[in-house]
Amino acid sequence: MRFSFLLTTLTALSFAQQPNLKDHAADRVPYELYLEALRQEPQQAALAEQREAKRQEIIFVRQANRFAELWTKFTQEFNERGTVNIKAARQAVKAFHRLEKNEAWLGSH
């Protein structure tokens, strides 16, 4: 019985020293979530940069492939017929300019 009285007294004294213990615990949860978000932010930023780099790479490869297809078509027609297909030449030039404007072009920008 003495032990339970002592335990009850110590518990009461503990709460008396920190009257708003529940309020402080509730306030810590959003703060801890905020701290966790800050810790993850650099990781998230790095992942976003990797995703963007991959996206740019895919776009660049598609544009390069498109130019290669059009250039191949243009040169094949020229080699077979001995004449210049103006429409095919313009398409190849347009595809090349699109490729040239890409941010991944030779690591520019």
Side-chain angles (χ1 to χ4, degrees):
M1 181 133 164
R2 282 184 177 177
F3 180 74
S4 72
F5 175 74
L6 181 61
L7 185 60
T8 306
T9 306
L10 288 174
T11 305
L13 288 174
S14 172
F15 281 108
Q17 291 173 353
Q18 299 174 357
N20 296 324
L21 188 60
K22 284 186 178 179
D23 293 339
H24 291 295
D27 289 342
R28 280 193 69 74
V29 172
Y31 182 70
E32 288 172 1
L33 290 174
Y34 171 74
L35 290 177
E36 181 63 26
L38 286 178
R39 282 190 288 270
Q40 290 180 0
E41 190 173 298
Q43 296 167 350
Q44 302 259 340
L47 286 173
E49 287 177 18
Q50 289 173 352
R51 277 189 228 115
E52 179 60 21
K54 186 65 176 175
R55 188 182 75 80
Q56 289 294 330
E57 179 184 355
I58 290 168
I59 290 170
F60 179 77
V61 169
R62 284 182 184 161
Q63 289 175 342
N65 287 339
R66 177 72 177 145
F67 169 70
E69 289 172 15
L70 292 171
W71 183 255
T72 301
K73 178 183 170 186
F74 170 74
T75 56
Q76 281 177 345
E77 283 186 31
F78 179 78
N79 290 334
E80 290 172 0
R81 297 182 184 165
T83 60
V84 174
N85 181 340
I86 299 297
K87 183 178 177 183
R90 285 185 180 148
Q91 288 176 337
V93 168
K94 186 176 177 181
F96 180 77
H97 287 303
R98 233 184 261 135
L99 178 64
E100 198 175 31
K101 289 178 184 177
N102 190 305
E103 291 180 13
W105 176 256
L106 299 177
S108 62
H109 303 289

Name all residues meeting the side chain to side chain donor-acceptor pair (under 3.5 Å) criterion together with Q76; count only those two or more places apart in sequence or in a different chain, and write none if there are none. none
Check whether I58 and L99 end up in the same hydrophobic cluster, where Ile, Leu, Val, Met, Phe, Trp and Tyr are linked by side-chain heavy atoms less than 4.5 Å apart. no
When rounded to the nearest 0.5 angstrom, what is the spacing between OG1 in T75 and CD in E80? 9.5 Å
Suppose we screen for side chain to side chain donor-acceptor pair (under 3.5 Å). Which residues come up paired with E57, at least two apart in sequence or across chains? none
pair E69-K73: side-chain heavy atoms closer than 4.5 Å: no
Can you give each donor-acceptor pair under 3.5 Å made by side-chain atoms of residues 59-66, sequence neighbours left out, with the distance rounded to 0.1 Å?
unit_1 : atom_1 : unit_2 : atom_2 : d
Q63    : OE1    : N102   : ND2    : 2.8
N65    : ND2    : V61    : O      : 3.3

Which pair of non-hydrogen atoms, one from F67 and one from A95, has the smallest distance, and what is that distance? CA-CB, 3.9 Å
Would I86 and L70 show up in the same hydrophobic cluster when neighbours are defined by side-chain heavy atoms closer than 4.5 Å? no
Could you walk me through whether F78 and N85 pass the side-chain contact (heavy atoms from CB on, under 4.5 Å) test, one step at a time? CA-CA 7 Å; F78 179 78; N85 181 340; over 6 Å; no
